[in-house]
Amino acid sequence: MAKKSLKKLTEIVAPDFDLAMTLDSGQVFHWEKIGNRFYGTIGNHAVWLEQHGRILKVRDGKSSALSGLIENYFALDHPLAEICDSFPDDPIMNVARSYCHGLRIMRQPKWECLAMFICSSMKQVAHIRQISKKIRERFGERRKIEHHELFTFPSPGRIAQSSEKELRECALGYRAKNLLGTAQLIDSGVVNLEEESTSSDDDLLGKLCQLPGVGAKVANCVMLFAYERLRAFPIDVWIERVLRAQYFPRKRNMTAGRLRAFAETHFGEHGGYAQQYLFHHARMAARANLSAPPR
DNA sequence: CTCCAGGGATGAT
DNA sequence: ATCATCCATGGA
């Protein structure tokens, strides 16, 4: 009885959910796939997850059942069918919608999401994942789950008391100064990420854009992935290419501003979901073209 | 409005 | 083994 393990295996019913696609869609960067399992942290909890059809198996590293935490993190309560129905009915959107079945926009911890998207600027997904790993290993807290070692994401205070030099050693380059500056603003209380939960979309965008290293694209990612602002429509080069090619193939002088205005009205109240589906589909199509290039 | 630094992985030669 | 490419932000 004394030796009884505190670890728990939990099963969660998760219909309309694709764990692998969700974790590989460029919204989160620290999950590691080993065999059929995905290892990672949710806040301070280390877990692994395994999907079998509509069942999600979850192993917690310490104790306590975590179904509520998991359901919230992966937004299993989002009415996905309704959301997909709200997308515009046009050819590229229809392809993306059927390709991305089960892809959900997660609810990530705000600071962790903000910090990673500051690090993401001018980087490709593979490299962002390495930066995430290095920051965690160097500044995070160690957690063990079975024989695996995972690290939590360090607090703003922990980053604030590090140095630009140390951060540069995590391959951040010029982003080190931005991450440090933002961590200091949050740690000192000048900016309170939790308090902004009640701000309007416009106010939140404005607040986020005041932080060093945060422009419109990063701010919109954080709004979408951590503040559940499902209208937020981040426009990066992938999405810009899709919008230009699919909706304005012959217009040479579509400015960035006009594209943004179009996106905000065309994709509706769940524009962020539509963006994520277009983004993921475009990336996967490009990946496929590497082995079978056109012509 | 345009131009450009910036860093490290990844793909091409 | 080098060379080109990918890319958000911020400042000139």
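Sequence lines set the chain letters: A, B, ... in the order given, protein chains first and strands last, and positions in each chain run from 1. Only heavy atoms go into these numbers, but all of them, side chains included; no hydrogens, no water, no symmetry mates.
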[X] [atom1] to [N] [atom2], straight-line distance once rounded to whole Å:
X: Ile118(A); N: dT9(C); atom1: CD1; atom2: P; result: 10 Å
X: His127(A); N: dT5(C); atom1: NE2; atom2: C1'; result: 15 Å
X: Ile128(A); N: dC6(C); atom1: CD1; atom2: C1'; result: 11 Å
X: Leu172(A); N: dC7(C); atom1: CG; atom2: P; result: 19 Å
X: Ile239(A); N: dC6(C); atom1: CD1; atom2: P; result: 17 Å
X: Gln130(A); N: dC6(C); atom1: CD; atom2: P; result: 19 Å
X: Arg283(A); N: dT10(B); atom1: CZ; atom2: P; result: 13 Å
X: Arg175(A); N: dG8(B); atom1: CZ; atom2: P; result: 8 Å

Among the candidates [options], find the nucleotide nearest to the side-chain atoms of [X].
X: Arg241(A); options: dC7(C), dG8(B), dT9(C); result: dC7(C)
X: Thr255(A); options: dC1(B), dT9(C), dG8(B); result: dC1(B)
X: Ala171(A); options: dG8(B), dA9(B), dT9(C); result: dG8(B)
X: Trp238(A); options: dC7(C), dT9(C), dA9(B); result: dC7(C)

Exercise. Base, sugar-phosphate alone, or nothing: which one does Leu211(A) contact when heavy atoms must sit under 4.0 Å apart?
Worked result: sugar-phosphate

Exercise. When we call it a touch if two heavy atoms are under 4.0 Å apart, what does Asp236(A) touch: a base, just sugar-phosphate, or nothing?
Worked result: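 Touches sugar-phosphate only.
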
Problem set entry | Sidechain N-carboxylate O distance under 4.0 Å for Lys207(A), Glu196(A) |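 A salt bridge is present here (some side-chain N lies under 4.0 Å from a carboxylate O).
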
Exercise. Should Glu11(A) and Arg54(A) count as an ion pair when the cut-off is N to O under 4.0 Å?
Worked result: no

Exercise. Are any of Arg129(A)'s side-chain N or O atoms less than 4.0 Å away from OP1 or OP2 of dA9(B)?
Worked result: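 For dA9(B), neither OP1 nor OP2 has a side-chain N or O of Arg129(A) closer than 4.0 Å.
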
Exercise. Is the phosphate of dT9(C), meaning OP1 or OP2, less than 4.0 Å from a side-chain N or O of Gln210(A)?
Worked result: no

Problem set entry | DNA chain C: 5'-proximal contact among Cys209(A) and Val237(A) (nearest heavy atom) | Val237(A)

Problem set entry | Between OG on residue Ser132(A) and CE on residue Met116(A), distance to nearest 0.5 Å |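 The CE atom of Met116(A) is 4.5 Å from OG of Ser132(A), to the nearest 0.5 Å.
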
For this session: Could you pick out which residue, Ser121(A) or Ala126(A), lies toward the 5' side of DNA chain B when each is mapped onto its nearest nucleotide?
Result: Ser121(A)

For this session: Report the residue (Met122(A) or Lys134(A)) whose heavy-atom-nearest nucleotide on DNA chain B is the more 5′ of the two.
Result: Met122(A)

Exercise. Do we get Lys110(A) above Tyr227(A)'s six-membered ring, with its NZ or CZ under 6.0 Å from the centre and within 45° of the axis?
Worked result: yes

Problem set entry | Paired nucleotide for dT5(C) [Watson-Crick or G-U wobble; both distances under 3.5 Å] |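 With both distances under 3.5 Å, dT5(C) matches dA9(B).
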
For this session: Give a yes or no answer on whether the side chain of Glu32(A) reaches the backbone of Phe38(A) with a donor-acceptor pair at less than 3.5 Å.
Result: no

